[in-house]
Every structure is written in C-alpha cells, then in structure tokens.
Amino acid sequence: MKNQFDEMDSVSIMDERSFMIETININWPSGAIDPPIYCPACGSLVISPLEEEGPGCHHVQFIIDSESSEFNYITESFDEVLRNYRKPEIEEFDEWDATELFIEEAESDTFYVMNLILPSNVAIEEEPVCLRIGYEMYFQEDQEELYSELEKRHDEEGLHDHSQN
C-alpha cells in the first residue's frame, strides 16, 4: 500500500498547501477497562486489551505511549519521515518529543492523531499515560476501491449516468 509518506522527500512534508494535523484527545475514566481502538477510516481493530498483536490496519502509522516514550509500533515510511524531527544531539529528546514536534510542525490534510489519555493506576499525583496513535487516512488504493464500489452501486441502482462519459 502506498501512502503519502512513500512519496515524500526528506525536506518537505507537503507542497505549498498549509494544513495542520488533526488531533483528538479522549480522556478515559479512571478504573474503566482500557477500550478497544478502531480505525476511523476503515473500522478495523487497531488495539485491544485482549489482543497481543499489532494493528490490523494499514492506516496506522505509529503507536507510542508517554510512559516509555518508545514506539510500540511504527511503519518504515513514517520512521523515515520522523527522522527529520529527531534531535539526537539533545540527550533528553526522545521519540515522544519527536512525534510532538511532527504534530506541531508538519502539514498534512490526511494525517490524524488520536491521544487516548489513561489515568494512572498507581497514585493520583502521577501523570496519566497517553497512548498516541497516528493514522494516515489517504491511500490511493483505498480511494480507487471506494470509487469502484460507489460506481458499482450506482450502476445497480440506475443512478450512474453513462451519457456523460
């Protein structure tokens, strides 16, 4: 599957268009069982407290948690993009910080970040853990498949006007 990261050069994230990365924060209630997370693009299960495997969805580009500041999952193409946001010369600058910088500085109208904020189980004074999931919502193959399916449905329902083609 090709996504926008496969075709990016190492200098620019997007062309002249200016789009901020969409981010949503979900505060999960204290004491509740960690929720299963589904992809907002295709509905596939991404992560579940009952599953040990990685995301079952090609839209997921990374999963990282604030507790370890390390990736639980990252695609090769996003790892390459993130290289421009890493600061190896700064000792305290970790992978979490690099994703923060990416979210603040990158421009994309097809990237979406979900922050699932889970309360700490240890003590009230401790910081909650944030599970961050990055999604690439646009894949050319997805668009072609969707268009073909819509065209097929319109043909079946007599809604597609072939006289315009």
Side-chain angles (χ1 to χ4, degrees), residues 1-28 33-122 126-147:
M1 285 271 147
K2 287 181 80 174
N3 64 33
Q4 77 174 21
F5 297 128
D6 293 331
E7 297 174 2
M8 288 183 190
D9 64 26
S10 61
V11 177
S12 68
I13 295 300
M14 290 291 285
D15 55 16
E16 294 82 27
R17 297 179 294 166
S18 179
F19 299 100
M20 292 180 59
I21 292 179
E22 294 292 329
T23 303
I24 184 170
N25 294 325
I26 301 172
N27 289 302
W28 199 246
I33 296 171
D34 292 351
I37 305 296
Y38 296 89
C39 175
C42 68
S44 297
L45 182 65
V46 172
I47 193 168
S48 167
L50 302 176
E51 300 291 326
E52 292 291 323
E53 294 184 27
C57 171
H58 66 275
H59 295 103
V60 176
Q61 297 299 299
F62 69 83
I63 300 173
I64 190 170
D65 68 86
S66 62
E67 190 172 46
S68 71
S69 295
E70 294 179 9
F71 287 102
N72 304 79
Y73 173 82
I74 187 168
T75 62
E76 286 182 32
S77 55
F78 186 75
D79 191 35
E80 184 68 25
V81 168
L82 201 61
R83 184 176 54 143
N84 297 317
Y85 297 92
R86 291 182 173 116
K87 307 235 180 269
E89 68 279 3
I90 302 173
E91 188 176 324
E92 296 295 316
F93 198 88
D94 56 24
E95 297 287 51
W96 182 267
D97 297 322
T99 60
E100 283 280 314
L101 192 58
F102 168 79
I103 292 166
E104 290 171 12
E105 293 184 359
E107 296 178 351
S108 173
D109 61 345
T110 63
F111 204 85
Y112 174 84
V113 175
M114 177 188 297
N115 292 318
L116 181 61
I117 301 157
L118 306 166
S120 172
N121 291 331
V122 180
E126 288 200 24
E127 288 287 315
V129 174
C130 179
L131 181 67
R132 177 172 287 161
I133 305 170
Y135 299 92
E136 171 54 50
M137 305 301 265
Y138 181 83
F139 286 85
Q140 185 63 36
E141 293 87 348
D142 289 348
Q143 300 303 310
E144 291 169 2
E145 182 180 330
L146 178 63
Y147 181 78

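Since this is a predicted model, take the numbers as computed values, not measurements.
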So do the side chains of [X] and [Y] get within less than 4.5 Å of each other, counting heavy atoms only?
X    : Y    : value
F62  : I133 : no
D97  : K87  : no
R132 : I63  : no
L82  : F71  : yes
L116 : P35  : yes
H58  : C39  : no
E95  : S69  : no
N84  : F102 : no

Hey, what do you get for [atom1] ([X]) to [atom2] ([Y]), rounding to the nearest 0.5 Å?
X    : Y    : atom1 : atom2 : result
L131 : I64  : CG    : CD1   : 9.5 Å
L118 : W28  : CG    : CH2   : 9.0 Å
N115 : N25  : CG    : CG    : 4.5 Å
F93  : E100 : CZ    : CD    : 9.0 Å
E136 : S108 : CD    : OG    : 5.5 Å

Show the numbers, then the answer: is there a side chain to side chain contact (heavy atoms under 4.5 Å, CB included) between V113 and I21? CA-CA 7 Å; V113 175; I21 292 179; 3.9 Å; yes
Please determine whether side chain to side chain contact (heavy atoms under 4.5 Å, CB included) holds for the pair Y112 and T23, giving the CA-CA distance in whole Å, both sets of side-chain angles, and the decisive distance to 0.1 Å. CA-CA 6 Å; Y112 174 84; T23 303; over 6 Å; no
Donor-acceptor pair, side chain of W96 and main chain of E67, under 3.5 angstrom: no
Just by distance, do the side chain of S48 and the backbone of P36 share a donor-acceptor pair under 3.5 Å? no
Check this for me: I33, atom CD1, are more than 12 non-hydrogen atoms of other residues, nucleotides or ligands nearer than 6.0 Å? no
Take atom CD in E89; do more than 12 heavy atoms of anything else shown fall under 6.0 Å from it? yes
My understanding is that only residues two or more places apart in sequence, or in another chain, count here; which of them pass side chain to side chain donor-acceptor pair (under 3.5 Å) with S68? D65
F111 ring center near F78 ring center (under 6.0 Å): yes
Does a donor on one side chain and an acceptor on the other come within less than 3.5 Å for T75 and Q61? yes
Pick out which of N27, V129, I26 makes a side chain to side chain contact (heavy atoms under 4.5 Å, CB included) with I117. N27
Check the pair Y85, T99 against side chain to side chain contact (heavy atoms under 4.5 Å, CB included), reporting the backbone distance first and the verdict last. CA-CA 8 Å; Y85 297 92; T99 60; over 6 Å; no
Which heavy atom of S44 sits nearest a heavy atom of C57, and at what distance? CB-CB, 3.9 Å
